[in-house]
Each structure stands twice: as structure tokens, then as C-alpha cells.
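Every value quoted in this text rests on a predicted model; they were computed, and no experiment measured them.
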Amino acid sequence: MKKSNLGLGFLLCLSILVSQQANGLRPIRDTSRSWGDQLLFGKKEVSSGPSGPFSAWNITGTYRGNWKFQDTVNSSSKFPDFRNQFGNSVIDLFTTPTKITGVHYVQGAVVFHDVFDNEHNVGGAQIKVEGVYIWPFRQLRLVANSGKNGGDSGLEDDYLLSNPYHLLGIFSTQVLQESPRDRMMSKQKASPIHEMEKHCNIEIAAQISRASSTENSGDKDYFHIEGLMESPAVDDDDGDCFSPLLLNATSINVEVYYNKAVNYTLMVTFVSFLQVLLLIRQMEHSNTQSGAAKVSIVMIGQQAIMDSYLCLLHLTAGILVESLFNAFATAAFFKFVVFSIFEMRYLLAIWKATRPSNSGEGWETMRRELSFLYSRFYGILLGGILIMYELHNYMRWVLLLMYSFWIPQIVANVVRDSRKPLHPYYILGMTVTRLAIPLYVFGCPKNFMRVEASKAWCIGLCAFIGFQAAVLLLQHYFGSRCFVPRKMLPEKYNYYKRLDHDVNRSRDCVICMATIDLRRRTNDCMVTPCEHLFHSGCLQRWMDIKMECPTCRRTLPPA
């Protein structure tokens with residue numbers, strides 16, 4: 001018997017030993033059954049099977065582990081593309097009981113990450129497998145199933161695409177990118193895997209054992225797969241296609257990932273609700289033309305772009321994992337409300353406040369300028385997507401750049417010498433709520449996206465945005481130019497200058513219509529550049545609404 005027929009020979013010998021019909025090894029799958037029904041069917045068999053060491057373990061699920069060559073290097077030259085010596089792997093298995101007692105039919109896929117070099121622009125390979133699981137001996141035997149032979153290749157694709165475990169396994173390995181399977185399908189003619197299927201047989205022999213887990217998962221059983229993957233060539237004279245691979249993988253509790261993902265979406269929804277309240281408070285704080293003109297339009301636009309990216313990201317995640325669509329769609333909806341209703345409305349109010357009110361321009365000119373504003377906003381939005389796609393390997397540095405959204409407001413305060421443009425609650429609240437998502441992704445060691453935590457990066461991000469917030473608070477309480485040396489500041493108009501006239505003379509304040517006593521302290525009255533006199537409190541409240549002289553409507557310099 002040829003070495004390439006070992007898998008089929010093993011199945012034939014097994015059927016003879018148990019004195020059952022060989023066609024009972026592969027039952028016809030009922031494609032109308034749901035995934036929940038399949039799990040329920042497996043649980044029923046476990047409960048009805050023998051007890052003790054020969055109980056039927058339900059090994060259906062997703063396994064995560066690693067692979068490596070048994071030898072130090074890949075000794076075969078038939079496929080030199082396998083240059084990496086080790087990498088991560090994901091195994092998806094689905095078992096179906098057969099008519100043979102003690103034998104389950106197994107289908108699934110094995111995803112090998114970090115297999116090829118960069119010349120092929122492929123980071124991994126996915127191989128569909130099928131075989132048997134002999135649960136009295138805890139033995140698993142699998143062979144590659146490319147789907148080329150047989151009439152049910154379409155059913156194999158339907159199984160892989162509709163398997164929620166497979167989708168979650170892909171999603172939880174940071175795969176908001178193109179999966180290895182998609183890359184292979186798009187480059188099938190030039191893919192090394194495609195050539196390997198023509199010349200190689202793939203056989204996997206593994207042992208199943210129980211594995212302990214620190215997760216609080218109730219009655220959930222964890223299993224460990226340890227085995228060897230060999231690749232004999234179709235012709236015995238050609239030898240092996242590549243050196244044997246050692247596989248190690250442990251099952252993961254998908255329910256834990258689902259619960260973590262739902263909790264994450266609840267956190268995002270709550271944070272978005274808080275941001276709406278903070279935006280409303282800030283809009284009330286700057287509800288006048290003068291107040292809105294003090295706010296940096298670049299700062300609000302940068303935050304709106306960040307929220308739009310988060311909206312698109314959560315919506316994409318909901319589409320990738322269909323069973324979590326409602327949770328992620330809710331988070332995406334709240335982010336959409338924050339950016340499209342509140343932040344865009346505030347952006348428009350700031351733009352209108354910065355335009356001269358008495359320019360006499362018509363509706364056509366205003367509409368043209370407004371169109372230019374929106375075109376710049378959405379142009380930056382789309383351009384940022386392309387930039388992040390090209391710089392996805394430097395995403396943490398890109399995030400640091402995006403989280404510099406307070407800097408435009410700090411610069412605007414210094415240049416304009418603005419007085420209290422932002423409410424302190426808005427500064428503190430936005431700083432804290434904006435940190436929630438990146439700290440979860442890059443700071444939580446057990447996040448559902450399985451991103452490696454980086455304590456140093458999280459500390460750096462908090463220090464960076466905290467420093468910006470501290471500078472804004474200093475400007476709010478001590479003046480917008482409190483940290484700038486006086487020698488570097490331009491000359492500023494003094495509203496409390498002395499008047500060259502009789503001190504016994506009294507004047508009326510046109511704001512409160514009360515008499516101004518010039519014999520009192522100089523700080524009790526303010527003089528505009530147009531030589532009009534007002535009470536200090538009256539003119540300051542007036543300047544919070546309009547930067548115009550109440551008497552002659554002349555533009556006033558910052559106080």
C-alpha cells in the first residue's frame with residue numbers, strides 16, 4: 001500500500017475491526033440544522049455515552065496554539081517557501097457521531113499563521129481537513145480535504161462560512177484584515193498551497209487530553225490537542241513535501257469572548273452617552289457668537305473624525321461576527337449620533353461664529369463656503385482611512401497623533417488670547433472618556449480582541465493627553481498666556497488706563513444705565529479704544545456675548 005493511502009487504509013481497517021458498514025463512517029449532514037442544534041446533539045450523546053474514562057468528549061470548538069517544525073529547519077526543498085520555523089495556529093473542529101460506536105466524523109480547518117515569507121505577501125495558510133475521532137482512545141486522525149473531489153464541496157464552504165466559532169476565532173486574532181483564506185482564494189493560481197495540494201498529501205495524527213483553565217466557565221470542558229502533521233508526496237519517490245510539523249492547541253471558551261465583546265459594547269455605549277452630555281454642556285457654555293468663536297474648529301473636527309472612525313470600526317466588527325451584530329451596531333449607532341448630530345452641529349456653529357456678521361454676502365456665497373467646509377472634512381476623513389491602511393503597522397503612533405486633539409485649542413487660546421473657551425467639565429470629561437477604548441484595547445491583558453497589552457504605551461498615552469488637559473485648565477484659571485514669557489507676548493491693549501479729565505466728573509454706563517463714579521478705584525471701570533467708558537463687570541459680560549463696543553459697534557480687542 002502506498003504511503004499516500006494511509007489515511008484511507010486506516011479508516012478501512014477501523015471499520016473491519018468494529019464489524020460495521022464502512023459507509024456509516026460518513027453520514028449525510030443535515031444542512032438545515034442550526035449551530036445550536038448541532039451543539040445540543042453533541043451534548044445529548046455525551047450524556048448518553050459510557051461514563052468514566054471512556055466517556056465521549058465533545059471536542060467541537062475552536063483551538064488556539066502554535067506550530068513548529070520537528071527538526072531545527074525545514075529539510076525539504078520541494079517547497080522552500082516554508083521558511084519560518086514556528087508560528088501560531090487556530091484549529092476549528094466540528095464532530096458528528098457515526099453509526100460506528102466510538103467513532104465521530106470530524107470536519108474543520110487548520111489555520112497556520114506566519115508560514116510564508118513576504119515575497120508571496122501571504123502571512124498564513126488555511127487547510128480544510130476531515131477525518132475521525134476515536135473517543136475511547138482519544139485519538140484524532142485528519143487528512144486534508146481541498147474540496148476538489150466529491151459533490152459536496154459547496155457544503156464545505158457553507159460550513160466554514162456559517163460557523164460562528166470560525167468567525168470568532170478569526171475576529172479574535174486581530175483580523176479586521178483580510179484572512180489568510182481570502183488571500184489564498186484571490187491568489188489561488190500562484191499560491192504555494194494550491195501547488196501543494198497537487199503534489200502532497202497532508203495527514204494529522206493527534207492525541208486529545210483534558211486541559212485546565214483559569215477562566216470561570218462553569219461546566220465548560222477544555223481540551224488539548226497535541227499531534228504531528230506530515231506531508232508525504234503523491235509519488236513515493238519524491239519523499240516528503242516538508243518536514244513534519246508539531247501541533248499544540250488548547251480549546252477556548254467562545255462564550256467568554258462573546259461576553260467580553262458584549263461588555264465592551266456596553267462600555268462604549270455608556271461612554272458615548274457621557275460624551276453627548278458633555279457636548280451639550282459645552283454648547284450651552286459657548287452658546288453666544290463670541291463664545292463659539294473662541295473654540296477651535298480644528299479641535300472639534302478632529303474629535304468628530306475620531307468618532308466617525310469608531311462608528312465605522314464597530315459597524316464592520318458587527319458585520320464580521322453576525323451573532324454580535326446587535327451589540328456592535330448599538331455601539332456604532334451611539335458613535336454615529338455623537339459625531340453626526342452633536343459634533344457636526346457644533347462644528348457648523350463655530351464656523352458661523354467665525355464669519356463676519358455684516359459682510360453682506362448672499363446665500364450663494366455662504367452655500368459655496370459651507371460646501372467647501374464639508375468637502376474638506378470628508379476629504380480628511382477618507383484620506384485618513386487610506387493613511388491608516390498604509391501605516392497599520394504603526395497604528396499606536398497614529399493613535400498618539402489622533403489623541404493630540406487638545407493642542408489646536410491650546411494654540412488658538414494663545415494666539416487669540418481667548419478667555420475660558422471650554423468648560424472645565426468638558427475638558428476633564430472628554431479626556432477621561434476618550435481614554436476608555438484605547439486603554440481597554442492596549443491595556444487590558446484579557447481583552448476579547450487578544451491584542452497584546454503594553455503598559456508603557458498606555459502610561460505614555462495617559463501622560464500625553466493628561467498634559468494637554470492640564471495646560472487647558474491652567475489657561476482657564478490663570479489666563480490663556482500664563483505660561484508664555486512676557487517678552488514674547490505682543491503688546492496688549494489696557495482697558496484700565498487712566499483718563500485725562502476731571503475726576504469729579506461722572507458718566508453713565510450704557511449697558512446698565514447706571515452712573516460711573518470715576519473717583520473710585522481704576523479697576524471698577526474699563527475704557528475701550530474708542531474712548532467709551534463702562535463698568536468693568538458690565539463690559540466683561542458684554543464681551544462674552546459680542547466683541548463689539550456697545551456704543552459705536554467697533555470691534556474690541558481681547559481683554
**Item:** Stepwise side-chain contact (heavy atoms from CB on, under 4.5 Å) test for Val276 and Phe334
**Value:** CA-CA 9 Å; Val276 169; Phe334 272 86; 5.9 Å; no

**Prompt:** If we only count heavy atoms from C-beta on, is the Lys260 to Asn447 side-chain gap below 4.5 Å?
**Reply:** no

**Prompt:** Any side-chain heavy-atom pair from Met430 and Met299 closer than 4.5 angstrom?
**Reply:** no

**Prompt:** Has the side chain of Arg138 got a donor or acceptor atom that lies under 3.5 Å from a matching backbone atom of Trp135?
**Reply:** yes

**Asked** Taking all non-hydrogen atoms of both residues, which atom of Gly301 and which atom of Phe377 are closest, and how far apart?
**Response** O-CE1, 3.8 Å

**Asked** Is there side-chain contact between Ile437 and Val268, with at least one heavy-atom pair below 4.5 Å?
**Response** yes

**Complete:** Rounding to 0.5 Å, atoms CG (Asn259) and CZ (Phe448) come to a distance of 12.0 Å

**Message:** Let me confirm one number: the CG-CE distance from Leu310 to Met306, rounded to the nearest 0.5 Å.
**Reply:** 6.5 Å

**Test applied, side-chain hydrogen bond (donor to acceptor under 3.5 Å, both in side chains); reference residue, Gln207; option that passes from His224, Glu226, Gln139** = Gln139

**Item:** Atom pair OG1 (Thr101) and CD1 (Ile134), whose distance is rounded to the nearest 0.5 Å
**Value:** 13.5 Å

**Asked** Should Thr95 and Thr60 be marked as a side chain to side chain donor-acceptor pair (under 3.5 Å) after you check the CA-CA gap, both sets of side-chain angles, and the distance that decides it?
**Response** CA-CA 6 Å; Thr95 61; Thr60 296; 2.9 Å; yes

**Message:** Are the side chains of Leu142 and Met229 in contact, using a 4.5 Å heavy-atom criterion?
**Reply:** no

**Prompt:** Would you say the side chain of Phe339 lies within less than 4.5 Å of the side chain of Ile305, judging by non-hydrogen atoms?
**Reply:** no

**Prompt:** Val110 and Phe112: side-chain contact (heavy atoms from CB on, under 4.5 Å), yes or no, with the steps?
**Reply:** CA-CA 6 Å; Val110 183; Phe112 298 93; 3.3 Å; yes

**Message:** I'd like to check Cys444 versus Leu439 (side-chain heavy atoms, cut-off strictly below 4.5 Å). Are they in contact?
**Reply:** no

**Request:** Specify the closest pair of heavy atoms between Phe325 and Ile319, including all atoms of both residues, with the distance to one decimal.
**Result:** CD1-N, 4.1 Å

**Request:** Could you walk me through whether Tyr403 and Gln468 pass side-chain contact (heavy atoms from CB on, under 4.5 Å), step by step?
**Result:** CA-CA 10 Å; Tyr403 271 76; Gln468 300 176 50; 5.7 Å; no

**Message:** I need the minimum non-hydrogen distance between Ala453 and Pro445, along with the two atoms involved.
**Reply:** CB-CA, 4.1 Å

**Request:** Measure from the ring center of Phe223 to the ring center of Trp57 and say whether it is less than 6.0 Å.
**Result:** yes

**Request:** Before giving the answer on side chain to side chain donor-acceptor pair (under 3.5 Å), spell out for Tyr309 and His314 the whole-Å C-alpha distance, their side-chain angles and the decisive distance to 0.1 Å.
**Result:** CA-CA 9 Å; Tyr309 287 156; His314 289 91; over 6 Å; no

**Prompt:** Could you go step by step and tell me if Ser323 and Tyr258 meet the side chain to side chain donor-acceptor pair (under 3.5 Å) rule?
**Reply:** CA-CA 9 Å; Ser323 56; Tyr258 274 67; 2.6 Å; yes

**Message:** Could you check whether any side-chain heavy atom of Trp406 comes within less than 4.5 Å of a side-chain heavy atom of Ile465, counting everything from C-beta outward?
**Reply:** yes

**Request:** Hey, can you tell me if Trp457 and Phe442 have their rings parallel, tilted or perpendicular (30° and 60° cut-offs)?
**Result:** tilted

**Request:** Verify, without hydrogens or angle tests, whether Gln107 (side chain) and Val129 (backbone) share a donor-acceptor contact under 3.5 angstrom.
**Result:** no

**Asked** What heavy-atom pair brings Ala206 and Ile225 nearest, and what distance separates the two atoms?
**Response** CB-CG2, 3.7 Å

**Asked** Just by distance, do the side chain of Tyr63 and the backbone of Ile59 share a donor-acceptor pair under 3.5 Å?
**Response** yes

**CZ (Phe467) with more than 12 external heavy atoms under 6.0 Å** = no

**Prompt:** Do you know the tightest heavy-atom contact between Thr265 and Ala331?
**Reply:** O-CB, 4.2 Å

**Prompt:** Is the shortest distance from a Lys or Arg side-chain nitrogen in Asp92 or Arg64 to a carboxylate oxygen in the other one below 4.0 Å?
**Reply:** no

**Request:** Would you please test Leu245 and Phe69 for side-chain contact (heavy atoms from CB on, under 4.5 Å) and show each step?
**Result:** CA-CA 4 Å; Leu245 294 176; Phe69 282 111; 3.3 Å; yes

**Item:** Tyr440 atom OH, over 12 foreign heavy atoms within 6.0 Å
**Value:** yes

**Prompt:** Nearest 0.5 Å, what's the OG-CG distance between Ser404 and Leu399?
**Reply:** 11.0 Å

**Request:** Quick one: closest heavy-atom pair of Phe405 and Gln303, and the distance?
**Result:** CD1-NE2, 3.7 Å

**Message:** A side-chain contact here means heavy atoms from C-beta on lying under 4.5 Å apart; do Glu203 and Arg141 qualify?
**Reply:** no

